[in-house]
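Numbers restart at 1 for each chain; the letters A, B, ... are given by sequence-line order, proteins then strands.
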Protein chains: 2
Amino acid sequence: MKQDSRLSGVLHVLLHMAQQPGSFTSETLAKAMDTNPVVIRRIMAGLRDLGYVRSEKGHGGGWTLACDLTKVTLRDVYTALGSPALLAMGNRTEAPGCLVEQAVNAALDQAFGDAQALLLSRFGEVTLAMLGDDLRKRLGSRKLQGMSAHGA
Amino acid sequence: MKQDSRLSGVLHVLLHMAQQPGSFTSETLAKAMDTNPVVIRRIMAGLRDLGYVRSEKGHGGGWTLACDLTKVTLRDVYTALGSPALLAMGNRTEAPGCLVEQAVNAALDQAFGDAQALLLSRFGEVTLAMLGDDLRKRLGSRKLQGMSAHGA
DNA sequence: CGGTTATGTAACATATGAAGTTACATGAAA
DNA sequence: TTTCATGTAACTTCATATGTTACATAACCG
(Lines give C-alpha, C1' and ligand atoms only; values in the text may rest on other atoms or scores of the structure.)
Protein backbone atom coordinates (compact mmCIF):
# COMPACT_ATOMS: atom_id res chain seq x y z
CA MET A 1 0.00 0.00 0.00
CA LYS A 2 1.14 3.49 -0.78
CA GLN A 3 1.26 5.48 2.41
CA ASP A 4 -0.35 8.79 3.20
CA SER A 5 2.28 11.27 4.38
CA ARG A 6 0.09 14.31 4.86
CA LEU A 7 0.24 14.19 8.64
CA SER A 8 4.00 13.94 8.56
CA GLY A 9 4.07 16.75 6.03
CA VAL A 10 1.83 19.17 7.84
CA LEU A 11 3.65 18.60 11.12
CA HIS A 12 6.89 19.37 9.39
CA VAL A 13 5.44 22.65 8.16
CA LEU A 14 4.07 23.61 11.56
CA LEU A 15 7.33 22.84 13.30
CA HIS A 16 9.25 24.86 10.78
CA MET A 17 6.94 27.79 11.36
CA ALA A 18 7.32 27.46 15.11
CA GLN A 19 11.06 27.95 14.80
CA GLN A 20 10.68 31.64 14.13
CA PRO A 21 7.88 34.17 14.38
CA GLY A 22 6.37 35.79 11.33
CA SER A 23 4.65 34.58 8.23
CA PHE A 24 5.74 32.12 5.60
CA THR A 25 4.64 31.88 2.02
CA SER A 26 3.53 28.58 0.57
CA GLU A 27 6.49 28.81 -1.75
CA THR A 28 9.00 29.18 1.06
CA LEU A 29 7.49 26.27 2.93
CA ALA A 30 7.30 24.20 -0.23
CA LYS A 31 10.99 24.70 -0.83
CA ALA A 32 11.85 23.58 2.68
CA MET A 33 9.69 20.51 2.17
CA ASP A 34 10.91 19.90 -1.36
CA THR A 35 7.41 19.93 -2.77
CA ASN A 36 4.89 22.17 -4.47
CA PRO A 37 3.22 25.30 -3.01
CA VAL A 38 -0.20 23.96 -3.93
CA VAL A 39 0.46 20.86 -1.87
CA ILE A 40 1.24 23.09 1.10
CA ARG A 41 -2.00 25.02 0.68
CA ARG A 42 -3.89 21.79 0.38
CA ILE A 43 -2.63 20.22 3.57
CA MET A 44 -2.93 23.53 5.45
CA ALA A 45 -6.53 24.21 4.44
CA GLY A 46 -8.03 22.14 7.24
CA LEU A 47 -5.80 23.74 9.85
CA ARG A 48 -6.84 27.17 8.66
CA ASP A 49 -10.52 26.24 8.84
CA LEU A 50 -10.06 25.15 12.44
CA GLY A 51 -8.15 28.30 13.33
CA TYR A 52 -4.77 26.70 14.06
CA VAL A 53 -3.13 28.85 11.41
CA ARG A 54 -4.08 31.97 9.49
CA SER A 55 -3.43 32.76 5.86
CA GLU A 56 -3.23 36.17 4.26
CA LYS A 57 -3.06 37.22 0.68
CA GLY A 58 -0.98 39.85 -1.03
CA HIS A 59 2.32 41.50 -0.15
CA GLY A 60 3.69 40.29 3.15
CA GLY A 61 1.06 37.60 3.22
CA GLY A 62 1.47 33.93 3.86
CA TRP A 63 0.88 31.55 6.73
CA THR A 64 1.13 32.32 10.43
CA LEU A 65 0.62 30.18 13.49
CA ALA A 66 -2.52 31.12 15.38
CA CYS A 67 -2.71 28.63 18.20
CA ASP A 68 -1.16 27.74 21.53
CA LEU A 69 1.33 25.04 20.64
CA THR A 70 1.03 23.57 24.10
CA LYS A 71 -2.68 22.99 23.50
CA VAL A 72 -2.72 21.49 20.02
CA THR A 73 -2.01 17.77 19.79
CA LEU A 74 -1.10 15.55 16.90
CA ARG A 75 -4.64 14.25 17.13
CA ASP A 76 -6.01 17.75 16.54
CA VAL A 77 -3.82 18.06 13.48
CA TYR A 78 -4.91 14.64 12.30
CA THR A 79 -8.54 15.66 12.69
CA ALA A 80 -7.87 18.88 10.80
CA LEU A 81 -6.67 16.78 7.89
CA GLY A 82 -10.09 15.19 7.77
CA SER A 83 -9.27 12.09 9.82
CA PRO A 84 -7.92 9.99 6.97
CA ALA A 85 -7.72 6.22 7.30
CA LEU A 86 -5.15 5.03 9.80
CA LEU A 87 -4.98 1.39 8.81
CA ALA A 88 -3.84 -0.03 5.51
CA MET A 89 -6.01 -3.11 5.89
CA GLY A 90 -9.73 -3.51 6.06
CA ASN A 91 -12.53 -5.96 5.68
CA ARG A 92 -13.38 -7.34 2.30
CA THR A 93 -17.06 -6.57 2.80
CA GLU A 94 -18.42 -4.25 5.42
CA ALA A 95 -21.98 -5.57 5.89
CA PRO A 96 -21.74 -9.18 4.80
CA GLY A 97 -24.66 -11.57 4.70
CA CYS A 98 -22.18 -14.43 4.85
CA LEU A 99 -21.70 -15.66 8.40
CA VAL A 100 -18.14 -16.72 7.63
CA GLU A 101 -17.35 -13.20 6.65
CA GLN A 102 -19.06 -11.91 9.77
CA ALA A 103 -16.87 -14.09 11.95
CA VAL A 104 -13.74 -12.92 10.16
CA ASN A 105 -14.79 -9.29 10.31
CA ALA A 106 -15.55 -9.52 14.00
CA ALA A 107 -12.09 -10.82 14.80
CA LEU A 108 -10.31 -8.32 12.59
CA ASP A 109 -12.44 -5.40 13.70
CA GLN A 110 -11.51 -6.09 17.28
CA ALA A 111 -7.81 -5.90 16.49
CA PHE A 112 -8.19 -2.99 14.10
CA GLY A 113 -10.27 -1.04 16.58
CA ASP A 114 -7.75 -1.52 19.35
CA ALA A 115 -4.87 -0.40 17.17
CA GLN A 116 -6.73 2.66 15.94
CA ALA A 117 -7.72 3.62 19.45
CA LEU A 118 -4.15 3.31 20.63
CA LEU A 119 -2.86 5.37 17.75
CA LEU A 120 -5.36 8.16 18.35
CA SER A 121 -4.64 8.05 22.04
CA ARG A 122 -0.90 8.43 21.41
CA PHE A 123 -1.57 11.28 19.02
CA GLY A 124 -3.62 12.95 21.73
CA GLU A 125 -0.72 12.80 24.17
CA VAL A 126 1.74 14.72 22.01
CA THR A 127 1.49 18.48 21.60
CA LEU A 128 3.19 20.57 18.97
CA ALA A 129 5.14 22.20 21.79
CA MET A 130 6.61 18.83 22.70
CA LEU A 131 7.77 18.35 19.14
CA GLY A 132 9.33 21.78 19.35
CA ASP A 133 11.16 20.88 22.55
CA ASP A 134 12.48 17.73 20.98
CA LEU A 135 13.62 19.67 17.95
CA ARG A 136 15.41 22.22 20.10
CA LYS A 137 17.29 19.39 21.75
CA ARG A 138 18.33 18.06 18.37
CA LEU A 139 19.31 21.53 17.21
CA GLY A 140 21.39 22.01 20.31
CA SER A 141 23.56 19.00 19.77
CA ARG A 142 23.90 19.79 16.09
CA LYS A 143 24.87 23.41 16.66
CA LEU A 144 27.85 22.27 18.64
CA GLN A 145 29.05 20.81 15.37
CA GLY A 146 28.22 23.94 13.43
CA MET A 147 25.34 22.51 11.45
CA SER A 148 22.11 24.20 10.47
CA ALA A 149 18.58 22.95 10.90
CA HIS A 150 18.62 21.48 7.47
CA GLY A 151 21.73 19.50 8.06
CA ALA A 152 23.82 18.13 5.23
CA MET B 1 -6.35 5.33 1.08
CA LYS B 2 -7.64 2.26 -0.58
CA GLN B 3 -7.50 -0.62 1.86
CA ASP B 4 -5.87 -3.98 1.44
CA SER B 5 -8.39 -6.74 2.03
CA ARG B 6 -6.20 -9.74 1.36
CA LEU B 7 -6.02 -10.78 5.00
CA SER B 8 -9.76 -10.59 5.32
CA GLY B 9 -10.10 -12.52 2.08
CA VAL B 10 -7.70 -15.32 2.86
CA LEU B 11 -9.22 -15.82 6.31
CA HIS B 12 -12.61 -16.07 4.71
CA VAL B 13 -11.30 -18.78 2.41
CA LEU B 14 -9.65 -20.73 5.21
CA LEU B 15 -12.73 -20.57 7.39
CA HIS B 16 -14.89 -21.76 4.53
CA MET B 17 -12.56 -24.69 3.99
CA ALA B 18 -12.59 -25.54 7.68
CA GLN B 19 -16.35 -25.98 7.58
CA GLN B 20 -16.07 -29.29 5.76
CA PRO B 21 -13.28 -31.72 4.99
CA GLY B 22 -12.05 -32.31 1.47
CA SER B 23 -10.60 -30.16 -1.25
CA PHE B 24 -11.91 -27.03 -2.91
CA THR B 25 -11.10 -25.70 -6.33
CA SER B 26 -10.11 -22.09 -6.78
CA GLU B 27 -13.25 -21.65 -8.81
CA THR B 28 -15.51 -22.90 -6.01
CA LEU B 29 -13.82 -20.67 -3.50
CA ALA B 30 -13.89 -17.74 -5.89
CA LYS B 31 -17.63 -18.10 -6.27
CA ALA B 32 -18.17 -18.12 -2.52
CA MET B 33 -16.02 -14.99 -2.27
CA ASP B 34 -17.51 -13.35 -5.32
CA THR B 35 -14.16 -12.88 -6.98
CA ASN B 36 -11.84 -14.45 -9.51
CA PRO B 37 -10.08 -17.85 -9.21
CA VAL B 38 -6.74 -16.25 -9.97
CA VAL B 39 -7.19 -13.94 -7.01
CA ILE B 40 -7.72 -16.99 -4.81
CA ARG B 41 -4.56 -18.63 -6.08
CA ARG B 42 -2.69 -15.42 -5.53
CA ILE B 43 -3.64 -14.93 -1.91
CA MET B 44 -3.20 -18.65 -1.17
CA ALA B 45 0.28 -18.92 -2.66
CA GLY B 46 2.05 -17.78 0.51
CA LEU B 47 0.04 -20.15 2.69
CA ARG B 48 0.96 -23.02 0.42
CA ASP B 49 4.65 -22.14 0.55
CA LEU B 50 4.51 -22.21 4.34
CA GLY B 51 2.65 -25.51 4.38
CA TYR B 52 -0.63 -24.26 5.87
CA VAL B 53 -2.53 -25.53 2.83
CA ARG B 54 -1.77 -27.90 -0.01
CA SER B 55 -2.75 -27.54 -3.63
CA GLU B 56 -3.13 -30.31 -6.18
CA LYS B 57 -3.61 -30.21 -9.89
CA GLY B 58 -5.85 -32.22 -12.13
CA HIS B 59 -9.04 -34.14 -11.50
CA GLY B 60 -10.13 -34.06 -7.91
CA GLY B 61 -7.49 -31.45 -7.24
CA GLY B 62 -7.82 -28.14 -5.49
CA TRP B 63 -6.96 -26.74 -2.08
CA THR B 64 -6.90 -28.61 1.22
CA LEU B 65 -6.09 -27.51 4.73
CA ALA B 66 -2.80 -28.92 5.94
CA CYS B 67 -2.35 -27.43 9.38
CA ASP B 68 -3.58 -27.62 12.93
CA LEU B 69 -6.11 -24.83 13.15
CA THR B 70 -5.48 -24.48 16.86
CA LYS B 71 -1.85 -23.67 16.13
CA VAL B 72 -2.10 -21.18 13.29
CA THR B 73 -2.79 -17.59 14.28
CA LEU B 74 -3.94 -14.58 12.30
CA ARG B 75 -0.39 -13.37 12.59
CA ASP B 76 0.88 -16.49 10.83
CA VAL B 77 -1.56 -15.88 8.03
CA TYR B 78 -0.57 -12.24 7.87
CA THR B 79 3.08 -13.27 7.60
CA ALA B 80 2.22 -15.77 4.88
CA LEU B 81 0.77 -12.91 2.86
CA GLY B 82 4.19 -11.28 2.95
CA SER B 83 3.58 -8.97 5.91
CA PRO B 84 1.99 -6.13 3.96
CA ALA B 85 1.88 -2.64 5.46
CA LEU B 86 -0.46 -2.34 8.42
CA LEU B 87 -0.68 1.42 8.63
CA ALA B 88 -2.07 3.77 6.04
CA MET B 89 0.18 6.61 7.13
CA GLY B 90 3.90 6.97 7.07
CA ASN B 91 6.71 9.46 7.21
CA ARG B 92 7.27 11.82 4.36
CA THR B 93 10.95 10.96 4.26
CA GLU B 94 12.52 7.96 5.89
CA ALA B 95 16.09 9.13 6.41
CA PRO B 96 15.83 12.89 6.55
CA GLY B 97 18.79 15.19 6.88
CA CYS B 98 16.38 17.84 8.14
CA LEU B 99 16.25 17.91 11.93
CA VAL B 100 12.66 19.14 11.86
CA GLU B 101 11.72 16.08 9.91
CA GLN B 102 13.67 13.91 12.31
CA ALA B 103 11.74 15.29 15.25
CA VAL B 104 8.43 14.70 13.49
CA ASN B 105 9.43 11.21 12.42
CA ALA B 106 10.52 10.30 15.92
CA ALA B 107 7.17 11.27 17.38
CA LEU B 108 5.15 9.55 14.69
CA ASP B 109 7.32 6.45 14.64
CA GLN B 110 6.73 6.01 18.33
CA ALA B 111 2.96 6.03 17.88
CA PHE B 112 3.08 4.00 14.68
CA GLY B 113 5.35 1.42 16.24
CA ASP B 114 3.10 0.99 19.25
CA ALA B 115 0.03 0.56 17.10
CA GLN B 116 1.71 -1.95 14.83
CA ALA B 117 3.00 -3.94 17.76
CA LEU B 118 -0.44 -4.04 19.32
CA LEU B 119 -2.01 -5.16 16.07
CA LEU B 120 0.51 -7.95 15.56
CA SER B 121 0.12 -9.00 19.17
CA ARG B 122 -3.66 -9.20 18.78
CA PHE B 123 -3.24 -11.18 15.58
CA GLY B 124 -0.99 -13.57 17.44
CA GLU B 125 -3.64 -14.23 20.06
CA VAL B 126 -6.30 -15.42 17.64
CA THR B 127 -6.12 -18.88 16.08
CA LEU B 128 -8.07 -20.10 13.10
CA ALA B 129 -9.77 -22.54 15.45
CA MET B 130 -11.13 -19.63 17.47
CA LEU B 131 -12.59 -18.11 14.35
CA GLY B 132 -14.17 -21.48 13.62
CA ASP B 133 -15.68 -21.63 17.09
CA ASP B 134 -17.11 -18.17 16.70
CA LEU B 135 -18.51 -19.10 13.32
CA ARG B 136 -20.15 -22.23 14.76
CA LYS B 137 -21.84 -20.07 17.35
CA ARG B 138 -23.18 -17.79 14.65
CA LEU B 139 -24.27 -20.76 12.56
CA GLY B 140 -26.05 -22.21 15.56
CA SER B 141 -28.26 -19.23 16.17
CA ARG B 142 -28.90 -18.85 12.47
CA LYS B 143 -29.87 -22.49 11.98
CA LEU B 144 -32.64 -22.11 14.50
CA GLN B 145 -34.12 -19.71 12.00
CA GLY B 146 -33.51 -22.05 9.08
CA MET B 147 -30.81 -20.00 7.42
CA SER B 148 -27.70 -21.26 5.65
CA ALA B 149 -24.13 -20.15 6.11
CA HIS B 150 -24.48 -17.67 3.32
CA GLY B 151 -27.50 -16.03 4.80
CA ALA B 152 -29.94 -14.08 2.69
C1' DC C 1 -1.81 -41.80 -25.59
C1' DG C 2 -5.09 -37.63 -25.83
C1' DG C 3 -8.67 -35.08 -23.43
C1' DT C 4 -10.19 -32.94 -19.34
C1' DT C 5 -9.46 -30.60 -15.13
C1' DA C 6 -6.93 -28.31 -12.07
C1' DT C 7 -3.07 -25.11 -10.42
C1' DG C 8 0.95 -21.56 -11.54
C1' DT C 9 2.07 -17.49 -13.41
C1' DA C 10 2.89 -13.78 -16.52
C1' DA C 11 0.82 -10.00 -18.69
C1' DC C 12 -2.38 -6.72 -19.03
C1' DA C 13 -6.56 -3.91 -17.65
C1' DT C 14 -9.09 -1.32 -14.11
C1' DA C 15 -9.86 1.45 -10.05
C1' DT C 16 -8.58 4.26 -6.32
C1' DG C 17 -6.29 7.89 -4.09
C1' DA C 18 -2.09 10.66 -2.81
C1' DA C 19 1.11 13.73 -4.82
C1' DG C 20 2.52 16.89 -8.17
C1' DT C 21 1.44 20.42 -11.68
C1' DT C 22 -0.88 24.02 -14.41
C1' DA C 23 -4.04 27.58 -14.83
C1' DC C 24 -6.67 31.12 -13.33
C1' DA C 25 -9.67 33.73 -10.03
C1' DT C 26 -9.57 36.50 -5.78
C1' DG C 27 -7.85 39.76 -2.78
C1' DA C 28 -4.34 42.70 -0.36
C1' DA C 29 -0.51 45.82 -0.43
C1' DA C 30 2.86 48.73 -2.64
C1' DT D 1 -2.78 49.16 -11.43
C1' DT D 2 0.85 46.22 -10.83
C1' DT D 3 2.69 42.76 -7.98
C1' DC D 4 2.39 39.18 -4.78
C1' DA D 5 0.05 35.96 -2.31
C1' DT D 6 -3.68 32.51 -1.35
C1' DG D 7 -7.91 29.45 -3.12
C1' DT D 8 -9.27 26.12 -5.97
C1' DA D 9 -10.43 23.42 -9.99
C1' DA D 10 -8.62 20.40 -13.32
C1' DC D 11 -5.32 17.60 -14.90
C1' DT D 12 -1.25 14.38 -14.84
C1' DT D 13 1.55 11.05 -12.57
C1' DC D 14 2.46 7.17 -9.72
C1' DA D 15 1.75 3.15 -6.80
C1' DT D 16 -0.81 -0.73 -5.84
C1' DA D 17 -4.79 -3.83 -4.92
C1' DT D 18 -7.94 -6.09 -7.70
C1' DG D 19 -9.76 -8.20 -11.83
C1' DT D 20 -9.08 -10.63 -16.22
C1' DT D 21 -7.05 -13.19 -20.06
C1' DA D 22 -3.93 -16.40 -21.76
C1' DC D 23 -1.18 -20.13 -21.63
C1' DA D 24 2.13 -23.53 -19.52
C1' DT D 25 2.31 -27.46 -16.39
C1' DA D 26 0.77 -31.46 -14.18
C1' DA D 27 -2.52 -35.04 -12.65
C1' DC D 28 -6.13 -38.07 -13.58
C1' DC D 29 -9.41 -40.47 -16.63
C1' DG D 30 -10.88 -42.79 -20.57
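- A 6.0 Å sphere centred on CZ of B/Arg48 holds more than 12 heavy atoms belonging to other residues, nucleotides or ligands.
- If you measure from atom CE of A/Met89 to atom P of D/dT16, you get 15 Å, rounded to the nearest angstrom.
- One interatomic measurement links the two molecules: CG of B/Leu86 to P of D/dA17, which rounds to 13 Å at whole-angstrom precision.
- With rounding to whole Å, A/Leu29 atom CG is found 12 Å from D/dT6 atom C1'.
- In this structure, CZ of A/Phe24 is placed 12 Å from P of D/dT6, rounded to the nearest angstrom.
- With A/Leu135 as reference, A/Leu139 is the one residue of A/Leu139, A/Asp133, A/Leu131 to meet the side chain to side chain contact (heavy atoms under 4.5 Å, CB included) rule.
- Distances shorter than 4.0 Å separate none of the side-chain N or O atoms of A/Arg41 from OP1 or OP2 on D/dG7.
- Between the CE atom of A/Met33 and the C1' atom of C/dA19 there is a distance of 12 Å, given to the nearest Å.
- A distance of 8.0 Å separates CG in A/Leu86 from CZ in B/Phe112, rounded to the nearest 0.5 Å.
- Atoms CZ (A/Arg48) and P (D/dA5) sit 17 Å apart, rounded to a whole Å.
- At a non-hydrogen distance threshold of 4.0 Å, B/Ser55, B/Glu56, B/Lys57, B/Gly58, B/His59, B/Gly62, B/Trp63 from residues 55-69 of chain B come into contact with DNA chain C.
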request  = Would you sort out whether A/Thr35 and A/Ile40 count as a side-chain contact (heavy atoms from CB on, under 4.5 Å), showing the intermediate values?
outcome  = CA-CA 8 Å; A/Thr35 182; A/Ile40 300 293; 4.0 Å; yes
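- Other residues, nucleotides and ligands place more than 12 heavy atoms under 6.0 Å from the CG atom of B/Asp49.
- For B/Asn91 and C/dA19, the CG to P distance is 12 Å, given to the nearest whole Å.
- Within the 4.5 Å cutoff, side-chain heavy atoms of B/Leu108 are placed close to those of A/Ser8.
- Nearest-nucleotide positions on DNA chain D place A/Thr25 closer to the 5' end than the other of B/Pro84 and A/Thr25.
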Identify each atom pair where a protein N or O and an N or O of nucleotides 18-21 of chain D are less than 3.5 Å apart, giving names and distance.
residue : atom : partner : partner atom : Å
D/dT18  : OP1  : B/Ser5  : N            : 2.9
D/dT18  : OP1  : B/Ser5  : OG           : 2.5
D/dG19  : OP2  : B/Thr35 : OG1          : 2.8
D/dG19  : N7   : B/Arg42 : NH2          : 2.7
D/dG19  : O6   : B/Arg42 : NH1          : 3.4
D/dT20  : O4   : B/Arg42 : NH1          : 3.4

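- Atom CD in B/Glu27 sits roughly 10 Å away from atom C1' in C/dT5 (whole-Å rounding).
- The residue A/Arg54 sits apart from the nucleic acid: no heavy atom pair falls under 4.0 Å.
- Between B/Ser83 and B/Leu81 the shortest side-chain heavy-atom distance does not fall below 4.5 Å.
- Within 6.0 Å of the CZ atom in B/Arg92, the count of heavy atoms belonging to other residues, nucleotides or ligands exceeds 12.
- When the shell of 6.0 Å around CD of B/Glu27 is examined, it contains 12 or fewer heavy atoms from other residues, nucleotides or ligands.
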